[in-house]
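Every chain is numbered from 1, with letters handed out A, B, ... down the list of sequences.
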Amino acid sequence: MAIITEYNYPDTKGKYGEYGGQFVPETLIHSLNELDKAYSEAKSDPDFIRELNALQKDYNGRETPLTCAERLTEYYGKGKIYLKREDLCHTGAHKLNNALGQILLARRLGKKRIIAETGAGQHGVATATVCAKFGLKCVVYMGEVDTERQQLNVFRMKMLGAEVVPVTSGSKTLKDATNEAIRDWVANVNDTHYIIGSVVGPHPYPMIVRDFQSIIGIETKAQILAKENKMPNYIIACVGGGSNAIGIFYPFINESTKLIGVEAAGYGIESGKHGATLTVGEPGVFHGMKTYLLQDSDGQVMEAHSISAGLDYPGVGPEHSGLKDLNLAEYYSITDDEALEAVKLLSQMEGILPALETAHAIAHLEYLMPETKKSDLIVVNISGRGDKDLNTIIEKLGSAFI
Amino acid sequence: MKISEYIDSVNKTRKVLSIFLTAGYPNKDKFVDTALSVLDAGADMIEIGIPFSDPLADGPVIQKSSYSALMNGVTMKDVFSYTEAILKKTNKPIVLMGYANPIMKYEKNNFAQDSINCGAKGLIVPDVPINEYDDFYNETYNDLEIVLLTTPTSDEERIKAIDKKSRGFVYCVSITGTTGVMNNFDESVYKNIERTYKTLNNNKMLIGFGISKPEDVTRFSDYCDGVIIGSAVIKSLSKDDEKHTATLKLIKDISQSCNI
């Protein structure tokens, strides 16, 4: 029998195999080191853990349920499907798990001002929410294109007291919003903490965000054992930057569970308009990390496309790149149209309206379920709810419903 | 001649003036002439910026020039052919500056080889700090002088480590921020520059970021061996006439102030 050595990343240089690292201007190194130190102290500080746990329970609404999807299971007639209900978190998605942890770190560091980037607006809303709760100044960078297509979330952030800065450089979407947030941090690093929204960016961010999100997987493990007395055979999650996926995968990496990440195929891989970074991207350096990247033949970063703004990102968390190369997780992609069908399916089979991002994970059941056995257990991470996407969904499915 | 030796020789009479130009900007076909006129106007060396889609160390002025160059189809091959053509007509050194990703995509060894072949002396990669130095650069880079940056947030220990690894010179970033024009530098900027200059043992030091006028050079001259000007020149080029009249005048004026 092969000896499986314990998975233990990142290494001391902040790398997941060859991925990750700190590809940032020298100005930021000091603050990244400071953050790394503050985090390693915090995570073994009982007061910090107690405060975070209390917030997760009493403010965020954890733990979230693990719901048995009975009709969906019957529909496929194969393995048994469970849904991990991150859609029931406060603000409507898993994003708050991370924002809560990071705001406590920001307070430990004595930072007075918080910045964040956002694509769809979910992470912006989560950050604005924790800033309101703790009375800190909040500035959210958002691509101008995204501020137009996600007006409701722009309004939510403003209502929560945040300043929303429309970014007009480059493609005016999430990647440019992230560049602008990093530039702000470079200029204001002494009094500002940058709350990154996913498992991306320079070390220690991918590790910190993973650890705060892994509460999803820790709960799932305990819940499935209580209900079924065994480990799941498959876990499926959508991957943009990849924080909900790492969150549910991480506690299972050393188990036999098959981990499946689902990216956005957009209009289809062959169309060139997609967000399938791990499926067709190549390793490169972007936003402070080495990772798989959608890029052209000159090494310029390409624009991603997805119907879901949260998967519309040309990079991916470096740990996913590492998991892919180590064959510890598998990655597939789902088109816009397939995702829309999955929104309908879950809504009408289970009475749960999923976010368009989440719908990519659900849509993958079409491919996976025929391969499963009756005795198999499948967990799908329902990373967020779909209320924010109703405008897009009405636009696309409208005539079929009215 | 190595860059450090060149800086030594210039320093006999003046501070070094290095001008940053984005490759292929403002005009893809006339870039070699632009660069030569900048050298004629009094620049002692030039840095050629390799355009990138996501230049996160740069402020709005250089971002726009980079975007414009990309829209005009400027590629890595152009950067090498510009460098080669400029060096046919001058002995002043050229340093390339680019972000990590286009270099990796070009293949790191090919990039080093082609840089050396076209005559470039040095290389600055702002998103490869010393933490990543050993993984990023291999022996093919031995003949290219890798210039590293210090910033106001680098502590003394780090400045010493950077000084040890850096070749050609040390690029002292004046401010905590991205590239761009500063109207005023506050006192802490001068203190930090003085501290950095006194900490260096191995390298000459050039100051960059925010410098835009002759008075800046005069103010910094006690604690540097030269200055680097980017955004102020790019900004001027963006609204100048075809002959770059105003830009060349600015460079002449700044060059005058380097005679100290």
Enquirer: Heavy-atom cut-off 4.5 Å, strictly under: side chain, backbone, both or neither for A/Glu18 against chain B?
Expert: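 Looking at A/Glu18, nothing touches chain B.
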Enquirer: Counting only heavy atoms not in A/Lys13 (residues, nucleotides, ligands), do more than 12 fall under 6.0 Å from its NZ?
Expert: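 Correct, the count exceeds 12.
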Enquirer: Sort out for me which residue in B/Thr151, B/Val170, B/Thr199 forms a side chain to side chain contact (heavy atoms under 4.5 Å, CB included) with B/Ile159.
Expert: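 Exactly one candidate clears the test, B/Thr199.
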Enquirer: Give a yes or no answer on whether the side chain of A/His287 reaches the backbone of A/Lys175 with a donor-acceptor pair at less than 3.5 Å.
Expert: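 It does hold such a pair.
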Enquirer: Mark yes or no for whether B/Asp58, through its side chain, and B/Thr179, through its backbone, hold a donor-acceptor pair below 3.5 Å.
Expert: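 Judged by distance alone, no pair lies under 3.5 Å.
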Enquirer: Can you give me every donor-acceptor pair (side chain of residues 114-124 of chain A, partner residue at least two apart or in another chain, under 3.5 Å) with its distance?
Expert:
from: A/Glu117; atom 1: OE1; to: A/Tyr194; atom 2: OH; distance (Å): 2.8
from: A/Glu117; atom 1: OE2; to: A/Gly197; atom 2: N; distance (Å): 3.1
from: A/Thr118; atom 1: OG1; to: A/Gly121; atom 2: N; distance (Å): 3.1
from: A/Thr118; atom 1: OG1; to: A/Gly124; atom 2: N; distance (Å): 3.0
from: A/Gln122; atom 1: OE1; to: A/Asn153; atom 2: ND2; distance (Å): 3.0
from: A/Gln122; atom 1: NE2; to: A/Thr91; atom 2: O; distance (Å): 3.4
from: A/His123; atom 1: NE2; to: A/Thr127; atom 2: OG1; distance (Å): 3.3
from: A/His123; atom 1: NE2; to: A/Ile195; atom 2: O; distance (Å): 2.8
from: A/His123; atom 1: NE2; to: A/Gly197; atom 2: N; distance (Å): 3.3

Enquirer: Identify which part of A/Phe286 has an atom lying under 4.5 Å from any heavy atom of chain B, answering side chain, backbone, both or neither.
Expert: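 Side chain only.
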Enquirer: Chain A heavy atoms under 4.5 Å from B/Tyr106: which part of the residue, side chain, backbone, both or neither?
Expert: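 Looking at B/Tyr106, nothing touches chain A.
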Enquirer: Specify which of A/His30, A/Lys290, A/Arg183 makes the most heavy-atom pairs with chain B at under 4.5 Å.
Expert: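 Highest number of pairs under 4.5 Å: A/Arg183.
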Enquirer: Chain A heavy atoms under 4.5 Å from B/Pro60: which part of the residue, side chain, backbone, both or neither?
Expert: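 Answer is neither: B/Pro60 stays 4.5 Å or more from chain A.
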Enquirer: Which answer fits A/Asp296, side chain, backbone, both or neither, if we ask what part of it has an atom under 4.5 Å from a heavy atom of chain B?
Expert: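 Backbone only.
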Enquirer: Under the side-chain hydrogen bond (donor to acceptor under 3.5 Å, both in side chains) rule, what pairs show up with a residue in residues 275-285 of chain A, not counting sequence neighbours?
Expert: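 Non-adjacent pairs meeting side-chain hydrogen bond (donor to acceptor under 3.5 Å, both in side chains): A/Glu263-A/Thr279, A/Glu282-B/Lys105.
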Enquirer: Taking salt bridge (Lys or Arg N to Asp or Glu O under 4.0 Å) as the test, write out the residues that go with B/Asp163, two or more places apart.
Expert: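 With sequence neighbours excluded, B/Asp163 shows a salt bridge (Lys or Arg N to Asp or Glu O under 4.0 Å) to no residue whatsoever.
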Enquirer: Measure distances from B/Ile103 to the heavy atoms of chain A and classify the residue's part below 4.5 Å as side chain, backbone, both or neither.
Expert: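 Neither part.
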Enquirer: Quick one: what part of B/Phe136 sits under 4.5 Å from any heavy atom of chain A, side chain, backbone, both or neither?
Expert: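 For B/Phe136, side-chain heavy atoms alone lie under 4.5 Å from chain A.
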Enquirer: Within residues 32-39 of chain A, which residues come under 4.5 Å of chain B, heavy atom to heavy atom?
Expert: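 Not one residue of residues 32-39 of chain A has a heavy atom under 4.5 Å from chain B.
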Enquirer: Determine, stepwise, if the pair B/Lys165 / B/Asp134 fulfils side-chain contact (heavy atoms from CB on, under 4.5 Å).
Expert: CA-CA 10 Å; B/Lys165 290 253 187 211; B/Asp134 293 338; 2.8 Å; yes
Enquirer: Based on non-hydrogen pairs under 4.5 Å, which of B/Leu70, B/Ile175, B/Ile162, B/Ile130 is most in contact with chain A?
Expert: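 Among B/Leu70, B/Ile175, B/Ile162, B/Ile130, the one with the most close pairs to chain A is B/Leu70.
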Enquirer: Heavy atoms only, distances under 4.5 angstrom: which of B/Asp135, B/Val173, B/Thr150 has the most pairs with chain A? Name it, please.
Expert: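 Most heavy-atom pairs under 4.5 Å with chain A: B/Asp135.
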Enquirer: Locate the shortest heavy-atom distance separating A/Met142 from A/Asp146; write the atom from each residue and the value.
Expert: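 Reported closest heavy-atom pair: CE-O, 3.6 Å.
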Enquirer: What residue in B/Met76, B/Gln63, B/Met104 has the most heavy-atom pairs under 4.5 Å with chain A?
Expert: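 Of the candidates given, the most pairs with chain A belong to B/Gln63.
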Enquirer: Does B/Asn72 use its side chain to pair, donor to acceptor, with the backbone of B/Ser68 at less than 3.5 Å?
Expert: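 Side chain of B/Asn72 to backbone of B/Ser68, a donor-acceptor pair under 3.5 Å: yes, one is there.
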Enquirer: Using modelled atom types and a 3.5 Å cut-off, is there a donor and acceptor pairing between side-chain atoms of B/Asp225 and backbone atoms of B/Met205?
Expert: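 Side chain of B/Asp225 to backbone of B/Met205: a pair is present.
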